[in-house]
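Here is the structure we will look at.
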Protein chains: 2
Amino acid sequence: MVGFLLDCRQSGSSLNDSHVKAAPSEAPRTLADRLFETLRAEIVEGRIAAGSKISEPELARRFEASRGSLREALMRLEALGLLERRINVGARVVELTERGLLELYDVREALEGMACRLAAGARTAEDLAELRRMLEHHEQQEELRAGRAYFQPEGDFDFHFRIVQASGNDLLIDTLCNRLYYRVRMYRYQLGMASPRAQRAFREHSHIIEAIEAGDGDLAELLMRRHIRASRQNIENKLR
Amino acid sequence: MVGFLLDCRQSGSSLNDSHVKAAPSEAPRTLADRLFETLRAEIVEGRIAAGSKISEPELARRFEASRGSLREALMRLEALGLLERRINVGARVVELTERGLLELYDVREALEGMACRLAAGARTAEDLAELRRMLEHHEQQEELRAGRAYFQPEGDFDFHFRIVQASGNDLLIDTLCNRLYYRVRMYRYQLGMASPRAQRAFREHSHIIEAIEAGDGDLAELLMRRHIRASRQNIENKLR
DNA sequence: CATACCCACATTGTTGACAATTTTGCCTAT
DNA sequence: ATAGGCAAAATTGTCAACAATGTGGGTATG
């Protein structure tokens, strides 16, 4: 447990190192930053249980940090929506509820639909090449796993992540990639939603990228919204 | 300047006291809370200039608070998107750019459109009555000011605020009301965008509410998106 | 004269201690 | 036996001092 800080080498604000083109200069990071990222991962992956209470003195001892630095990390987790703090009472990890999950889908439908529309309007050669390469990569993985009943969640995540990046709208990118997607991953990890929509999802991804390539914003948005709504419907059925 | 703390009586998370039905129990608030709300108002209204650097020692002296409490307020402002902090360098108020304003419109179009759709599906009698009352109130004000070239921005704000509340989606409500709307108000205050679309905006508001009353989510979303897009177009034309 | 280096200053990050509030457990009275 | 209240313990909010980092100016050198 001691020396855990040396292991935290994720890039600051991006969701997944595999998405970063290249790390040119290791940006200096603060202790509160590392605490934040470590705790974020533990909450997302369920090592710190949803709904559990956070004890500042306990965590400070565990990480051998002062309470001040830890509090900064907690406040940033609150801003992410992973913690809820009440004055003079303390912080709790958010609960995972069916309602919360469905709310997340509705917000994603709206925002990622818009991201598709914008990506279709502002697409660059690099973005398109990147999307194509990613899709082929997923197709290969898909063939390898043909017949299996689950769909690699990371592939789906890559797809949505890249589309949003291609929108070119920094506010939209920040809202989705630095805020909502951590909650999405938290639900995926802990409710373990392996989607049996593998081939279908892949075809949908493919059609969305085609619409973006064609510069058809209306169609791109429509297809993405249907894609997300189908996912939501799938989950909704499973929960009943 | 001394004793300013006693004057901060806004309710914690809501945007505007007039939106709160009744304040049943004055929730206890912390010093960092009051600093946060005070600074938030000063940034939104431009008393602290956009793009200016924030000096922790200076502000701490000015408010007669410790740097620790002030830093907590600054971090919350960063989470709101009103400040940008760089490690070991400090915080700056965000710049107001044309691009940022247009990005805000696109995100609002997506989210408020969804809010309308949801409001049409989950509408309650209270929500509808509230919306109707607000609309009549605005109509009266509108007649009083007939002929004037500007539209009271607060009326427009009330409208969007109430619609979002009626959506019933807590994540959507939080994202818009506790995050994006402060940036919207910042642009309105400082770029002073008095819209000459008074009567037109009022009619659009009216039609949106009718669609929600009818439970027509598709139409409600469509109308809201056109409403916001028209606003965006109006601004875009004015900027050129 | 321009550039590069170095040092003093100011600002930010971090820590441990103090104050205020909440929670908990025990004791008492009905 | 249970409800109420009081006191002790634990937790959170706040503060001031210390350490680490970035900034700017001055000087020496090409």
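Every value quoted in this text rests on a predicted model; they were computed, and no experiment measured them.
How far SG of B:C116 is from CD1 of B:I228: 7.5 Å, rounded to the nearest 0.5 Å.
Rounded to an integer number of Å, the gap from CZ of B:F36 to C1' of D:dG13 is 17 Å. The CG-C1' distance, from A:D33 to D:dT21, rounds to 15 Å in whole Å. Rounded to an integer number of Å, the gap from CZ of B:R92 to C1' of C:dT11 is 14 Å. If you measure from atom CD1 of B:I87 to atom P of C:dG13, you get 8 Å, rounded to the nearest angstrom. In this entry the distance linking CZ of A:R29 with P of C:dT14 reads 12 Å, nearest Å. In this structure, A:F63 places its CZ atom 17 Å from C1' of C:dT14, rounding to the nearest Å. Here the P atom of nucleotide C:dT12 and the CZ atom of B:R86 are 12 Å apart, to the nearest Å. In this structure, CZ of A:R71 is placed 12 Å from P of D:dC15, rounded to the nearest angstrom.
At D:dG13, one or more side-chain N or O atoms of A:R85 fall inside 4.0 Å of OP1 or OP2 (strictly under the cut-off). Taking side-chain N and O atoms only, B:T30 has no distance below 4.0 Å to OP1 or OP2 of D:dT12.
Taking the six-membered ring where tryptophan is involved, the planes of A:F159 and A:H205 are essentially parallel, since the angle between them stays under 30° and well short of 60°.
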Table of protein N/O atoms under 3.5 Å from nucleotides 15-18 of chain C N/O atoms:
from	atom 1	to	atom 2	distance (Å)
C:dT15	OP2	A:S66	N	3.2
C:dT15	OP2	A:S66	OG	3.1
C:dT15	OP2	A:S69	OG	2.9

Report, one pair per line, the protein and nucleotides 5-11 of chain D atoms (nitrogen or oxygen only) whose separation is under 3.5 Å.
none

Any protein N or O atoms within reach of nucleotides 6-9 of chain C? Criterion: under 3.5 Å, listing atom names and distances.
none

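Checked by atom type and distance alone, the side chain of B:R71 never pairs as donor or acceptor with a backbone atom of B:S66 at under 3.5 Å. In this structure, the side chain of B:S52 engages the main chain of B:A49 through a donor-acceptor pair within 3.5 Å.
Comment: B:R132 does not engage B:D127 in a salt bridge, judged by the lack of any side-chain N to carboxylate O separation of less than 4.0 angstrom. Ion pairing of B:E58 with B:R62 is absent here, as no side-chain N (NZ or NE/NH1/NH2) approaches a carboxylate O to less than 4.0 Å. We find that B:E72 and A:R76 are not joined by a salt bridge, their nearest charged nitrogen and carboxylate oxygen being 4.0 Å or further apart. For the pair B:R117 and A:D106, the salt-bridge criterion is not met [side-chain N within less than 4.0 Å of a carboxylate O].
Seen from the ring of A:F36, A:R40 counts as a face-on cation partner, given the 6.0 Å and 45° thresholds.
Across every non-hydrogen atom of B:E236 and B:R240, the tightest pair is O-CG, 3.2 Å. Closest approach of B:K53 and B:V89 over heavy atoms only: NZ-O, 3.6 Å.
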